[in-house]
Amino acid sequence: MNTALTTNDFNQIVAGRRSIKKYDPTVKISRDEMTEILRKATMAPSSVNMQPWRFLIIESPKAKAILAPLSRFNQRQVETSSAVIAIFGDLNSINNAEAIYGKAVELGFMPKEVKEKQLAAISKYYEQMTPEINKETVLIDSGLVSMQLMLVARAHGYDTNAIGGYEKDKIAEAFGLDPERYVPVMLISIGKAVDSGYPSVRLPIDQVITWK
Ligand SMILES: Cc1cc2nc3c(=O)[nH]c(=O)nc-3n(C[C@H](O)[C@H](O)[C@H](O)COP(=O)(O)O)c2cc1C
């Protein structure tokens, strides 16, 4: 039995996280709590603060029935989780630049002149950006928010599984999103664990570090 408890113990959150694939299907996460989890996750950093992540919360039996045939070998997570969060990156995230930087001025985080200067530079940067770099950027940013989401979930007493094994080329359209605009990042199942998952090995730390 997994014992993910509501906790602010960072070591417990990080060291105790495991990919959990079986959840108590009777446990639902309220929209208020899910919103709070996502709000905290979106405190993650992003390239020029453009926050390109978008979340599709698949929680109803109807939505899960749409997801199931796209979820390959990950059926149990879909069936038993409180929800599966499909994370997408918005390739049009630049459209929010004015709103984001305007709000920063309104809140006194940034003088108006700085905003104008930054927005001009950012617009220019996006104009010359290739589609490949745009996609790479939204994938990096959305990866950061995904990790933060998994850690915040544990702080709320839930467990997760990052899922890459699904029909990425079909997911947007299946849920009525424009596939040209929304890049699939990953699914994250979330719920109350019914087992403790499996411990997993990490490479020796020296193998992944280079000191210069
Ligand atoms: C991007 C990504 C995709 C993954 N896809 C799957 C998947 O499709 N199915 C699955 O059961 N686990 C999936 N995993 C979980 C990994 O197998 C797991 O994180 C890894 O084995 C380490 O185990 P841990 O998460 O318990 O520490 C994925 C993880 C990541 C980061």
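Remember, it's 1-based here, ligands and their atoms both numbered in the order they're listed. The chain is numbered in sequence order, starting from 1.
The atoms of ligand 1 that sit less than 4.0 Å from any heavy atom of N74 are 7 (C), 8 (O), 9 (N), 10 (C), 11 (O). Near F73, with a cut-off below 4.0 Å to any heavy atom, the atoms of ligand 1 are 7 (C), 8 (O), 9 (N). Those atoms of ligand 1 that come under 4.0 Å of a heavy atom in R18, given as number and element, are 26 (O). Atoms of ligand 1 lying under 4.0 Å from any heavy atom of K21, numbered from 1 in the order shown and given with element: 10 (C), 11 (O), 12 (N). Ligand 1 places these atoms under 4.0 Å from at least one heavy atom of Q77: 11 (O). If you number the atoms of ligand 1 from 1 as listed, the ones under 4.0 Å from a heavy atom of S19 come out as 15 (C), 18 (C), 19 (O), 24 (P), 25 (O), 26 (O).
Shortest contact from atom 27 (O) of ligand 1 to any protein heavy atom: R202 NH2, 2.8 Å. From the protein, the heavy atom lying nearest to atom 22 (C) of ligand 1 is S200 OG, 3.7 Å. Shortest contact from atom 1 (C) of ligand 1 to any protein heavy atom: M186 CE, 4.4 Å. Scanning the protein heavy atoms around atom 3 (C) of ligand 1, the nearest turns out to be G164 N, 3.3 Å.
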### Full working for side chain to side chain contact (heavy atoms under 4.5 Å, CB included) between I171 and L187
CA-CA 10 Å; I171 185 94; L187 305 176; 4.2 Å; yes

#### Entry: E33/Y158 under side-chain hydrogen bond (donor to acceptor under 3.5 Å, both in side chains): CA gap, chis, key distance, verdict
CA-CA 11 Å; E33 187 173 22; Y158 302 111; 2.6 Å; yes

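Atom-to-atom distance recorded for Q77:CD and S19:OG is 9.0 Å, nearest 0.5 angstrom.
The number of heavy-atom neighbours closer than 6.0 Å to NZ of K135, taken from other residues, nucleotides and ligands shown, is 12 or below. Heavy-atom contacts from other residues, nucleotides or ligands closer than 6.0 Å to NZ of K28 number more than 12. Annotation for D169: atom CG counts as buried by contact number, over 12 foreign heavy atoms lying within 6.0 Å. The 12-atom threshold is exceeded at CZ of R181, counting heavy atoms of other residues, nucleotides or ligands nearer than 6.0 Å.
At a threshold of 4.0 Å, the pair R72-E167 counts as salt-bridged, since one of the basic side-chain nitrogens sits closer than that to a carboxylate oxygen. Taking a cutoff of 4.0 Å between a charged side-chain nitrogen and a carboxylate oxygen, E106 and K103 qualify as a salt bridge. By the 4.0 Å N-to-carboxylate-O rule, D159 lies too far from R18 to be salt-bridged with it.
Checking atom 17 (O) of ligand 1 against the protein gives no heavy-atom contact under 4.0 Å. Contact annotation for atom 12 (N) of ligand 1: protein present (non-hydrogen atoms, distance under 4.0 Å).
Between Y198 and ligand 1, no pair of N/O atoms sits closer than 3.5 Å.
The residue among S189, G165, A162 with a heavy atom at the shortest distance from atom 8 (O) of ligand 1 is G165.
Note on ligand 1: M150 sits outside its first shell, no heavy atom being nearer than 4.0 Å.
With a 4.0 Å heavy-atom cut-off, ligand 1 is reached by no atom of R76.
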